[in-house]
Student: 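Below you will find the structure I want to go over with you.
Numbers restart at 1 for each chain; the letters A, B, ... are given by sequence-line order, proteins then strands. From a predicted model like this one, the values you see are computed outputs, not experimental measurements.
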4 protein chains.
Amino acid sequence: MAVGFNSALIVGAGSGLSASLARAFKGEGVKLALAARSTADLAGLAQETGAAVFTCDASKKSDVDKLFGDLDGGFGAPEIVVFNPSYRTRGPVAELDPAEVEKSLMVSAFGGFLVAQQAIKRMLPKKRGCIVFTGASASVKGYAQSAPFAMGKFALRGLAQSMARELHPQGIHVAHVIIDGGIKSERRQEPAGKTASMLDPDAIAATYLGVIRQPPSAWSHEVEVRPWVETF
Amino acid sequence: MAVGFNSALIVGAGSGLSASLARAFKGEGVKLALAARSTADLAGLAQETGAAVFTCDASKKSDVDKLFGDLDGGFGAPEIVVFNPSYRTRGPVAELDPAEVEKSLMVSAFGGFLVAQQAIKRMLPKKRGCIVFTGASASVKGYAQSAPFAMGKFALRGLAQSMARELHPQGIHVAHVIIDGGIKSERRQEPAGKTASMLDPDAIAATYLGVIRQPPSAWSHEVEVRPWVETF
Amino acid sequence: MAVGFNSALIVGAGSGLSASLARAFKGEGVKLALAARSTADLAGLAQETGAAVFTCDASKKSDVDKLFGDLDGGFGAPEIVVFNPSYRTRGPVAELDPAEVEKSLMVSAFGGFLVAQQAIKRMLPKKRGCIVFTGASASVKGYAQSAPFAMGKFALRGLAQSMARELHPQGIHVAHVIIDGGIKSERRQEPAGKTASMLDPDAIAATYLGVIRQPPSAWSHEVEVRPWVETF
Amino acid sequence: MAVGFNSALIVGAGSGLSASLARAFKGEGVKLALAARSTADLAGLAQETGAAVFTCDASKKSDVDKLFGDLDGGFGAPEIVVFNPSYRTRGPVAELDPAEVEKSLMVSAFGGFLVAQQAIKRMLPKKRGCIVFTGASASVKGYAQSAPFAMGKFALRGLAQSMARELHPQGIHVAHVIIDGGIKSERRQEPAGKTASMLDPDAIAATYLGVIRQPPSAWSHEVEVRPWVETF
């Protein structure tokens with residue numbers, strides 16, 4: 001079953017999840033654009049997946065405007081947009097740096113709005129498109145010592161819900177995927193003997209693609225994924 | 001991508017969703033058993049999908065014991081079990097027939113327990129298997145005039161959550177799919193000009209299969225599906 | 001501030017919480033009836049609070065019918081009804097006794113329906129009354145090894161929600177209080193040096209009374225209480 | 001029953017709810033400080049309740065620092081802090097002004113963090129205090145055409161949850177009250193013949209005080225209030 005769309009933009013493309021998504025999109029024949037605050041490490045992935053690469057700090061309106069302007073000038077409007085960026089700072093509330101708290105809101109939530117707004121401006125005339133926001137355990141549970149991350153991720157979930165209620169009836173699918181656990185990477189490996197105890201980014205990407213290819217008669221708005229050993 | 005399991009049992013097999021699931025399982029090469037309170041209408045589907053058919057009132061312990069005993073004697077223990085049955089009665093709480101309320105609990109929730117218990121007894125030794133419970137809008141929201149359905153579906157969700165927390169660490173995937181909208185059928189057609197305004201059972205089945213084929217490193221426990229036009 | 005009602009019935013009156021509620025109602029000048037499966041231990045509380053005492057297994061329709069019939073014949077229809085009973089059995093799902101699971105549903109949820117139905121039949125003509133259901137942590141989270149309790153408490157919450165949506169517009173307040181932690185009693189004392197680490201039943205009762213005295217312009221449907229040290 | 005604290009600060013004091021809270025605090029003998037972006041309209045309330053009045057834009061760190069510095073210099077550290085401010089802008093996501101979206105996050109959520117941080121710095125040494133955040137329907141449901149309000153209120157709820165999990169074990173009560181409906185005021189009156197169909201601010205204030213006076217053995221973190229006629 002094809003994914004049903006021809007082009008995708010991944011914002012916050014520097015993560016292992018994004019790399020898995022990029023490969024999955026390529027496997028479906030989807031034309032790909034990658035955007036990240038720093039693109040220094042994206043050259044290999046871009047070459048592997050044939051992706052166009054763009055520099056963009058998603059929390060800055062001028063950057064997001066430029067990203068979509070650049071896309072308009074060549075790549076075209078992406079039919080799928082995945083928003084991954086988040087920023088977190090940890091610590092007791094009394095000791096947090098307010099500038100860091102503000103940055104958490106700006107990157108994780110305001111950035112999501114900026115990207116989604118530009119994306120849907122281009123999707124609405126065609127009444128077609130899919131936006132996926134990447135959430136976390138902190139999207140639905142505010143943990144101690146981690147208020148800024150909860151603030152940003154709760155806010156992003158509020159945005160996703162409002163957009164789903166507004167845009168589903170206009171033909172645009174808005175999904176929010178809650179990643180409830182640590183993602184395996186080269187740096188973060190599973191403990192010996194604990195196979196599949198961390199989230200495999202390829203497996204997460206498969207769930208993203210499952211949501212993206214849902215037809216309008218049966219859309220999921222919110223899906224959570226966690227490893228079999230994760231408590232919840 | 002194969003579904004990863006070789007056999008499936010659908011309990012409450014008389015619905016349109018079950019027919020779509022049966023066809024989807026057949027498409028994946030999964031050996032199929034269908035159980036329903038009345039099997040009169042299942043002959044065609046059984047022939048089409050090569051399914052074995054069993055009569056079973058899932059709210060009765062003796063029936064469920066017999067079903068799994070019969071499966072043990074030939075079909076074998078199913079690796080996938082989908083539990084669909086529900087019973088509902090509507091009306092103001094003051095006017096409800098208590099016997100009907102009890103039946104709602106017995107069919108929608110106690111039946112789920114009986115089937116799941118027999119299923120996992122056979123899955124646990126292999127530390128492998130997948131159980132999917134079919135929920136509804138009423139699983140997460142108790143509507144006026146519909147208390148018995150809410151009672152049954154809330155209870156089934158409680159069972160599903162407890163089982164996920166107990167059985168995920170033992171290698172058995174437990175999922176709960178919330179079907180939030182009306183399912184299209186021969187009798188219930190979409191209004192003219194409102195394409196995809198009802199849930200297409202084939203599309204729901206595709207989401208079930210997506211959940212079933214998730215590897216243990218990224219399991220979803222709860223997924224909801226609704227048509228693009230559905231308010232929520 | 002008076003509680004705004006003249007009479008109350010506590011069903012499942014054998015607990016420490018019920019004793020605290022009974023004393024709180026007496027303190028507000030509310031006439032009191034206590035019902036329990038076994039009334040052997042209620043003599044002292046009845047004397048202290050001036051309560052009428054009734055034997056009733058709330059999971060049995062004939063018992064509940066008799067209870068309300070008896071109330072009609074003397075005490076009168078209670079304006080406040082608190083439903084406390086629950087039954088639980090613990091263990092891995094594969095090892096649970098189905099009869100115990102059924103009993104959990106019958107006592108915790110079906111009993112709630114039976115009592116609430118009789119109560120509102122008498123409240124509806126006056127468009128006035130308050131019903132409070134006692135929930136637990138398991139009302140919103142299904143724990144491993146405790147599926148039957150989750151099934152019963154989830155179902156009771158579904159009933160409470162449906163009733164609130166049906167009956168609030170008819171002037172009857174329906175509330176669900178989630179007790180998230182262990183309740184202190186003579187048998188279950190706080191560890192030494194951990195003041196207030198368990199729920200004080202008098203403090204819970206104060207919250208019940210706060211909910212009961214809310215005017216119709218600002219009703220709470222769901223309130224949770226937990227000790228300051230409780231993780232959640 | 002006394003409220004258990006001696007002093008309170010209401011931030012965002014210009015609303016009808018704040019006026020009711022101020023009067024309720026005065027009725028309990030609690031010393032009061034009122035802070036608002038504009039204090040022009042607070043003279044009458046200040047005189048009536050004996051409150052000290054402060055100008056403060058809660059979304060600005062310098063303003064919040066100055067507010068608490070001023071309090072330190074005379075009023076003293078407030079034992080109760082109520083945070084009310086919110087900012088909203090409505091419209092389709094494609095048409096929203098990004099500056100207004102940013103302001104929604106800054107006022108509704110970042111302001112809550114700034115105020116709470118200063119408040120708990122002063123409460124922690126005494127292991128005593130109560131912070132109440134004012135939520136809305138949009139705290140738990142993102143409505144179409146109202147994404148910025150959902151973003152701000154979801155974020156504030158995330159903050160409140162994280163703070164509760166961090167600070168409850170340190171003796172500080174953190175509550176989040178969801179106001180689910182329109183509040184009656186001089187400008188917004190109930191329709192004729194629909195008594196109590198809007199939230200009475202005095203009734204909401206009574207619920208706030210009920211939460212504030214809870215002893216640590218039975219704290220509520222989240223409470224919702226709505227009028228009897230409100231759908232939910």
Student: So which of S139(A), A155(A), P169(A) has the biggest tally of heavy-atom pairs under 4.5 Å with chain D?
Tutor: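 Top option by heavy-atom pairs under 4.5 Å: A155(A).
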Student: With a 4.5 angstrom heavy-atom cut-off, which part of F110(A) approaches chain D: side chain, backbone, both or neither?
Tutor: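 Contact with chain D involves both backbone and side-chain atoms of F110(A).
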Student: Below 4.5 Å, heavy-atom pairs only: which of A164(D), A147(D), P148(D) has the largest tally toward chain A?
Tutor: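 When all of A164(D), A147(D), P148(D) are compared, A147(D) has the most.
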Student: Counting only heavy atoms not in R37(A), do more than 12 fall under 6.0 Å of its CZ?
Tutor: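 Open.
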Student: What residues of residues 94-104 of chain D make heavy-atom contacts with chain A at a cutoff under 4.5 angstrom?
Tutor: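 From residues 94-104 of chain D, the residues near chain A are A94(D), E95(D), L96(D), P98(D), V101(D), E102(D).
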Student: Who wins among P92(A), A116(A), G152(A), S146(A) for the most heavy-atom pairs under 4.5 Å with chain D?
Tutor: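 The candidate making the most pairs under 4.5 Å is P92(A).
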Student: Taking side chain as everything from C-beta outward and backbone as N, CA, C, O, which of these in K141(A) sits under 4.5 Å from a heavy atom of chain D? Side chain, backbone, both or neither.
Tutor: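 For K141(A), the contact with chain D is made by backbone and side chain together.
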Student: Other residues, nucleotides and ligands only: do more than 12 of their heavy atoms fall within 6.0 Å of CZ on R88(A)?
Tutor: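 Not more than 12 within 6.0 Å, no.
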Student: What part of L159(A) is in contact with chain D, defined as an atom under 4.5 angstrom from a non-hydrogen atom: side chain, backbone, both or neither?
Tutor: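 Both parts, backbone and side chain.
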Student: Can you see which heavy atom on V93(D) is nearest to which on Q117(A), and at what distance?
Tutor: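 In this case the closest contact between V93(D) and Q117(A) is O-NE2, 2.9 Å.
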Student: Any sub-3.5 Å donor-acceptor pair from R157(D)'s side-chain atoms to F154(A)'s backbone N or O?
Tutor: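 Between the backbone of F154(A) and the side chain of R157(D) there is no qualifying donor-acceptor contact (under 3.5 Å).
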Student: CD of Q161(A) to OH of Y143(D): how many Å apart, nearest 0.5 Å?
Tutor: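 Those atoms lie 10.0 Å apart.
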Student: Please check if the side chain of S162(A) supplies one atom and the backbone of A144(D) the other of a donor-acceptor pair under 3.5 Å.
Tutor: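 Checking the backbone N and O of A144(D) against the side chain of S162(A), no donor-acceptor pair under 3.5 Å is found.
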